Amino acid sequence: MNISGTESAQADATKQGENGFETGFDVRKAASMLDSIAARWDDAHKDHVQVMRALARLTSRTENMERGFTQVEIAEEVLKEGPSSWHGLNDPDDIRRRINGAWKKLEKEWDKHITGIRQRFEEAGLDHLPRTPEKKPGGGRGNTSLYRLTFAPRSELSVQELPSINPPPSWDGSIRYYLDELSEARLLRWLANDGLVLSGWRAKAFGGTLGLLFIALAIVFGGSVLGLTLATTVQALTKGLLAVGVIGISSWLLVRPIYRLVHDRIAQAPMWLQGDSTFEDRLLEIQQSEELGCNIIRLTRYTADCPICGAKVRVQPGRREFHRRLVGRCARAPVEHVFSFDHITRRGMSLRHF
């Protein structure tokens, strides 16, 4: 990712027409909204998010959006609301190293959040969406780098989004899901960004792998059952029963996500694909690619804001009560604040309160 200033800067709200903004677009409001969105991320306490939020708050209050902000200005803003680890950071070299480290992390993490950010902007009816944050090099010894946020018309930026609607004036029991961040693990990132394209040799390889997996499981299970029938002692019979039980349960846990994915087109990802997710809310999803003309398996995660209490809603299995369904559960009240989940429309309805 390149955030070294390749995208054009935007001026403040009073000069929007001169810089390509439509009349009436409020940059300050957009920056404040970006800060509010980032405040709800799981990694909101980390340096790179703190730096971006500080940049958003500075942008929401400034008259000079063309110029950008220095590392010292950003650090001072972080200190107002940031973690205690920033307090006592006074040396310019320490500030520079801290900001540079956070900015490099932001370079890597921005793409994980951008789709969800832009979906929320579209949902709010904003005509301009955030671009990648910019860093303008100082251009010489003693000239400090400047950092800024920019926005572009929606028509210039691609968004994975069905036609947006305006939120209802009062809650009608509905909820809106957004694509959330994904793990930075290499395999997870590949599945999330590029996906597994199910066409040509890839489709055959995927089908062949599944076939070999089922054959191997059948052979192992069949061998265990055969050994069980040949058992001559109680001890051998007990060992055989345990072996069959372990193999059967393990096989089902391994095969179930694939079966659910093929049958339902979306399923909870198996544990080995959950990465660092403690909520096990990553999903495997078969998406239709109009560009490639085939299906793609992608690793996805959706979250929403609970309309009842404001906490984060995560998509998880429905358990016994909502068998075979994926539902949204509120982090604060996961038993009572439960919502349906439609991965196509990214909508849901309350399954408890309405």
Side-chain angles (χ1 to χ4, degrees), residues 37-38 40-46 48-49 105 108-120 160-161 175-198 202 206 209-210 213 250 252-289 295-306 311-319 322-332 334 337-348:
I37 293 172
R40 303 183 64 83
W41 292 345
D42 289 343
D43 52 0
H45 62 285
K46 296 183 178 179
H48 65 285
V49 182
K105 182 72 172 179
K108 298 177 181 178
E109 300 291 300
W110 176 258
D111 284 344
K112 290 168 45 176
H113 294 284
I114 185 56
T115 300
I117 291 173
R118 290 175 177 172
Q119 287 171 351
R120 291 175 185 269
Q160 285 186 330
E161 167 74 18
I175 192 172
R176 186 71 159 156
Y177 294 92
Y178 301 91
L179 188 66
D180 204 342
E181 60 88 16
L182 296 167
S183 171
E184 61 185 18
R186 180 175 300 177
L187 175 60
L188 303 188
R189 186 171 64 244
W190 168 68
L191 278 175
N193 297 336
D194 300 328
L196 176 59
V197 180
L198 297 180
R202 295 181 180 86
F206 180 71
T209 301
L210 288 182
L213 177 62
S250 300
W252 172 240
L253 292 176
L254 181 64
V255 172
R256 182 176 60 176
I258 305 301
Y259 168 77
R260 292 278 173 84
L261 174 65
V262 173
H263 189 271
D264 301 335
R265 301 188 68 85
I266 188 169
Q268 183 188 31
M271 293 181 61
W272 57 274
L273 280 178
Q274 290 295 336
D276 57 359
S277 172
T278 58
F279 299 94
E280 297 186 359
D281 55 349
R282 288 194 171 92
L283 311 172
L284 283 177
E285 181 177 349
I286 297 179
Q287 298 179 351
Q288 185 176 8
S289 173
N295 290 327
I296 299 177
I297 296 178
R298 283 199 171 98
L299 190 74
T300 58
R301 172 197 270 166
Y302 296 88
T303 62
D305 299 328
C306 180
K312 178 175 285 189
V313 174
R314 301 177 185 274
V315 178
Q316 298 173 330
R319 305 171 187 168
F322 305 105
H323 183 58
R324 290 291 301 275
R325 296 180 65 179
L326 293 171
V327 300
R329 292 188 181 275
C330 169
R332 186 173 297 171
H337 300 177
V338 187
F339 307 88
S340 62
F341 169 66
D342 186 327
H343 68 285
I344 302 298
T345 63
R346 291 190 292 102
R347 297 179 184 277

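The basis for the numbers below is simple: all heavy atoms, side chains too, and nothing from hydrogens, waters or symmetry mates. Small disclaimer: the values here were computed from a predicted structure and weren't measured.
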Give me the atom names and distance for the closest heavy-atom approach of [X] to [Y].
| X | Y | value |
| --- | --- | --- |
| Val327 | Gly318 | CG2-CA, 3.9 Å |
| Lys112 | Glu109 | NZ-OE1, 2.5 Å |
| Lys312 | Asp42 | NZ-OD1, 3.2 Å |
| Thr300 | Glu285 | OG1-OE1, 3.1 Å |
| Val49 | Asp43 | CG2-O, 3.2 Å |
| Ile175 | Ser340 | CG2-O, 4.4 Å |

Enter the distance from [X]:[atom1] to [Y]:[atom2] here, rounded to the nearest 0.5 Å.
| X | Y | atom1 | atom2 | value |
| --- | --- | --- | --- | --- |
| Leu179 | Arg118 | CG | CZ | 12.5 Å |
| His343 | Gln287 | NE2 | CD | 8.0 Å |
| Cys330 | Phe339 | SG | CZ | 7.0 Å |
| Gln119 | Ile37 | CD | CD1 | 10.5 Å |

Original post:
Taking atom types as modelled, is there a side-chain donor on Gln316 or Arg329 under 3.5 Å from an acceptor on the other?
Top reply: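 No - no donor-acceptor pair under 3.5 Å links their side chains.
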Subject >> SB check Arg301 Asp281 (cutoff 4.0 Å) >> reply: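 Salt bridge: yes.
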Original post:
Is the shortest side-chain N to carboxylate O distance from Asp180 to Arg40 below 4.0 Å?
Top reply: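 Not counted as a salt bridge, because no side-chain N and carboxylate O are separated by less than 4.0 Å.
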Using side-chain heavy atoms (C-beta onward) and a distance below 4.5 Å, is [X] in contact with [Y]?
| X | Y | answer |
| --- | --- | --- |
| Phe322 | Pro317 | no |
| Arg260 | Arg324 | yes |
| Leu283 | Phe341 | yes |

Original post:
Is a side-chain donor or acceptor of Asp264 paired with a backbone partner of Ile266 at a separation under 3.5 angstrom?
Top reply: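 Judged by distance alone, no pair lies under 3.5 Å.
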Original post:
Below 6.0 angstrom between ring centroids: does that apply to Tyr178 and Tyr302?
Top reply: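 Not close enough - the centres of the two rings lie 6.0 Å or further apart.
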**OP:** Can you spot which of Ile286, Ile297, Leu284 makes a side-chain contact (heavy atoms from CB on, under 4.5 Å) with Arg265?
**Re:**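 When Ile286, Ile297, Leu284 are each tested with Arg265, the side-chain contact (heavy atoms from CB on, under 4.5 Å) holds only for Ile286.
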Subject >> Residue list, side-chain hydrogen bond (donor to acceptor under 3.5 Å, both in side chains) with Tyr177, at least two apart or on another chain >> reply: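 Testing Tyr177 for side-chain hydrogen bond (donor to acceptor under 3.5 Å, both in side chains), a comparison that skips the adjacent residues, returns none.
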